[in-house]
Amino acid sequence: MEAKIGRLVGAIGAFFSGGDNVPWCGRDIIAGVEREVAEAATEEHKNVSIMRLSWALVHSRNTDDVNRGIAMLQASLGGSKSPLEAREKLYLLAVGHYRNGDYPRSRQLLEHCLEIQPGWGQALSLKKTVEDKIAKDGVIGIGIATTAVGLLVGIAAAVARKN
Amino acid sequence: MRREEASAAAAAAEAGTPRSPDLHDLSDDSDYAAAAAASSSHSAMRSDLVDQGSGETAKVDVVYEKERVTIHPTQYGSGRISGKLRLYLQQGSLFLSWEPNEGVDSLSSNSATMEIEKYRNLYTIKALPLSDVRFIRKHTPTFGFEYIIIVLSSGLAFPPFYFYNGGLRELFATLKKHVFIIRSDDDPNVFLVNDFQDPLQKSLSSLELPGVATVANAMSRQNSLSFTSSVDEARHGSDAKHGASSSMTEYVSKQKHRSNDPGRDLSIQVLEKFSLVTKFARDTTSSLFRENHSSGGHTYGRQQQEYVLDNRANDKYKDQQITPDKDSLLSDSMESNKILAWGKPREQPLSVDEWRSFLDPEGRVMDSKALRKKVFYGGIDHVLRKEVWKFLLGYHEYDSTYAEREYLAVMKRTEYEAIKSQWKSISSTQAKRFTKFRERKGLIDKDVVRTDRSVPYYEGDDNQNVLVLRDILLTYSFYNFDLGYCQGMSDFLAPILYVMEDESESFWCFAILMERLGANFNRDQNGMHAQLLALSKLVELLDPQLHNYFRKNDCLNYFFCFRWVLIQFKREFSFDQIMLLWEVLWTHYWSEHFHLYLCVAILKRYRSRIIGEQMDFDTLLKFINELSGEINLDRAIQDAEALCDQAGPNGAACIPPGTPPSMPIETDGGLYVQEDEVM
């Protein structure tokens, strides 16, 4: 019985969270990959580890980590040697901005991703999630704006009536 | 709007012509003279700054110093580490250092203290030359404290440095006196140091078309344009000019494509405008909240809410674990049945007639995806493995012809003999002076005599095939001298040699496989770490309850799956089964990382025993090792397929880039590539 209730709660939670399944990285993973960067045996290993660290940072719960990951990806994006690598970094940048709540920029980055590789499942999936978030926030924004306008109209009417 | 005004004001304040780095001119400046005097007094008071190795000639001039520059390794106030940021001149170069304060906040608990101590050491900056810095990003929020992120040329960044005592403006003023630093054209908060971007940026700007949506960050825009061009060039095989025109054509067609769906784009854009209202409201609220509570030593806002949600999720899982065994067993069996229904049934192996139908008259594979699908679901008839494995491994291109493949075989045999002669020609006298060679030969000699001896092909004494196995491994250790030979490589080569029955072709197929799996054998084990990390993320995604169990029992490193991943289940299945499994994996039909989903499938298959018997790490490791020979391969592949389908793009997102067996991502330091592109 409790298992069923738990599953029901999970299902409802999934519905309201909009199916956000972008993975999270905890502090221990970031520290582990950080140590890997420091201990890398060769330049090649170090670069692979830095890429992995960027991946871990933009998937963090900590805003500072996300901002740091974004800065790293921006710096290394210029050094991409292949479209495949650039698309990977653009996707991770999009994840970072998504985590920061900057959905419009995330969406733009994903569009650039899909220019490089149309039909890439990861980018398409995140783009749908981002657009859903934009739509939801947009509806809330409409509500806020409408409420503000309503308040102004009400105040104006009250003032007019008082006069 | 207030936020934008604040940032605009900050930008206006920061605007100014950077001074010439000529020190001779600066010496006439009275302010600089006063600063120099202050620096001298500082250096006199802190003799520890002088590097003893440099002797008397090494004079350290501290030109900037600021206390209470803080990093936040965790999102809790108690996790903040405060320190001192310095800029100093030494032998004509400018260096930066950040040293955390001594002592620990007494409010911290013991485990938190140890954690913070670890981060303190990890993030200390002793002597960073400013020439290694790529750019500095400044962030001035409407509420809260300013911070900077320093990014190195290697692409590595330090955590944000928060300036609790202010002083950020003075920092940039000091930097401008000593190094070449300019504000980025596209982002006023980014200050480029040792800038190499301008020539690239200007050349790429000419490609910009009016009306094309622009990314706020210039770097991503420039480089995405660049890669679109390179894709066009690769596609058309033309020069840069043609690439540019193709790029423009693509943008025009993109515009048309966008106009094809005006309703959706328009609605998204309208909602985007209104979502900015929501974002402003949310940011203002969370900033005010954070501001109010920062003095209390806690950080509130989005992160806190997300953490609370995570806690609730944990509570839910905890409740589920309290569920009586009867219910859990029922749910397990239901889940098992569900999984069985999802995976497609296994099929017959690829037959000779089917294989011929995939080939055109000249020998090209017409539909590689259909071939890979067939192999994924049914495997390969053994008589065909010799031929088809070369395609799956990538030794033969799918669009190569019979004639091309014969030519390739001849060329590769010659090349193999040349590499082999490198060690064959070493005399015993020379070997005495070649320690690495002797060590590797010793390792290989020990390993080959115990690899798959139960298989008739390799059994008995004085087996010629064992000698060939040894020769190939020795040749590979010279071909890839950096990697050399590691235990486990013979486990990969033995089935390949058994199938190929030819020394040269076995070598090249093995070498190509090692291109993908060689990272498993790196000394620093970064390839293995990446796969085990991805595995933990996949289990978290596909079976949160099992993941939670592993976390509580300190099994999250997944080292109990080490052998599975290192040699891709070689010791878990029979020789015949392993050939089938590997050809299924090599199709990359569902994923390049299908072996990880196979791990998850096997763990899920046995989860009721793992959780029911409350296995700790040692017991779990023993249990996993004893599963050898007991796993139903067909069912495991079906389960893994179902899980891979269920995970979809979210599963791929859980796997970090560059995780083996993906082809390694070739990256160089951005600095070098920039130079190349500028030339």
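Here is the naming used below: chain letters follow the sequence lines, and residue numbers restart at 1 for every chain. Computation of the quantities below employed the complete heavy-atom set of this structure, encompassing side-chain atoms and omitting hydrogens, waters and symmetry-equivalent molecules.
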> In terms of heavy-atom pairs under 4.5 Å, which option from A:Thr42, A:Ile30, A:Asn67, A:Leu73 contacts chain B the most?
Replying inline: A:Asn67
> Top residue by heavy-atom pair count (under 4.5 Å) with chain B, among A:Leu124, A:Asp137, A:Ile140, A:Val95?
Replying inline: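 Ranked by contacts with chain B, first place is A:Asp137.
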>> Could you walk me through whether A:Lys128 and A:Glu131 satisfy the salt bridge (Lys or Arg N to Asp or Glu O under 4.0 Å) test, starting with their C-alpha distance in whole Å, then the side-chain angles of each, then the deciding distance to 0.1 Å, before giving a yes or no?
In response: CA-CA 5 Å; A:Lys128 182 181 186 308; A:Glu131 286 180 347; over 6 Å; no
>> Run B:Arg551 and B:Glu540 through salt bridge (Lys or Arg N to Asp or Glu O under 4.0 Å) and show every step you take.
In response: CA-CA 10 Å; B:Arg551 186 177 63 190; B:Glu540 186 176 5; over 6 Å; no
Return the option, out of [options], with the maximum number of heavy-atom pairs under 4.5 Å with chain A.
| options | answer |
| --- | --- |
| B:Thr278, B:Ile150, B:Val277 | B:Thr278 |
| B:Ala530, B:Gly527, B:Ala281, B:Gly651 | B:Ala530 |
| B:Asp482, B:Leu152, B:Leu156, B:Ile71 | B:Leu156 |

Answer with side chain, backbone, both or neither: which region of [X] has an atom nearer than 4.5 Å to a non-hydrogen atom of chain A?
| X | result |
| --- | --- |
| B:Leu556 | neither |
| B:Leu541 | side chain |
| B:Ile136 | neither |
| B:Ala647 | neither |

> Any ion pair linking A:Lys46 and A:Glu43 (charged N to carboxylate O, less than 4.0 Å)?
Replying inline: no
>> Less than 4.0 angstrom from a charged side-chain N to a carboxylate O is my criterion; do A:Asp65 and A:Arg27 meet it?
In response: yes
Pick one of side chain, backbone, both or neither for [X], based on which atoms fall under 4.5 Å of a heavy atom in chain B.
| X | answer |
| --- | --- |
| A:Val37 | side chain |
| A:Glu36 | side chain |
| A:Leu126 | neither |
| A:Cys25 | both |
| A:Ile134 | both |

> Can you name the residues that form a salt bridge (charged side-chain N to carboxylate O under 4.0 Å, His left out) with A:Arg87, not counting sequence neighbours?
Replying inline: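 By the salt bridge (charged side-chain N to carboxylate O under 4.0 Å, His left out) rule, A:Arg87 matches no residue at all.
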> Which heavy-atom pair separates B:Ala157 from B:Ile149 by the least distance, and what is that distance?
Replying inline: CB-CG2, 4.1 Å
> Shortest non-hydrogen contact from A:Trp120 to A:Cys113?
Replying inline: CZ3-SG, 4.0 Å
Side-chain donor-acceptor pairs under 3.5 Å in residues 141-157 of chain A, sequence neighbours left out?
{"residue": "A:Thr146", "atom": "OG1", "partner": "A:Ile142", "partner atom": "O", "Å": "2.6"}
{"residue": "A:Thr147", "atom": "OG1", "partner": "A:Gly143", "partner atom": "O", "Å": "2.7"}

> Between B:Tyr162 and B:His72, what is the ring plane arrangement, given parallel below 30°, perpendicular above 60°, and tilted in between?
Replying inline: parallel
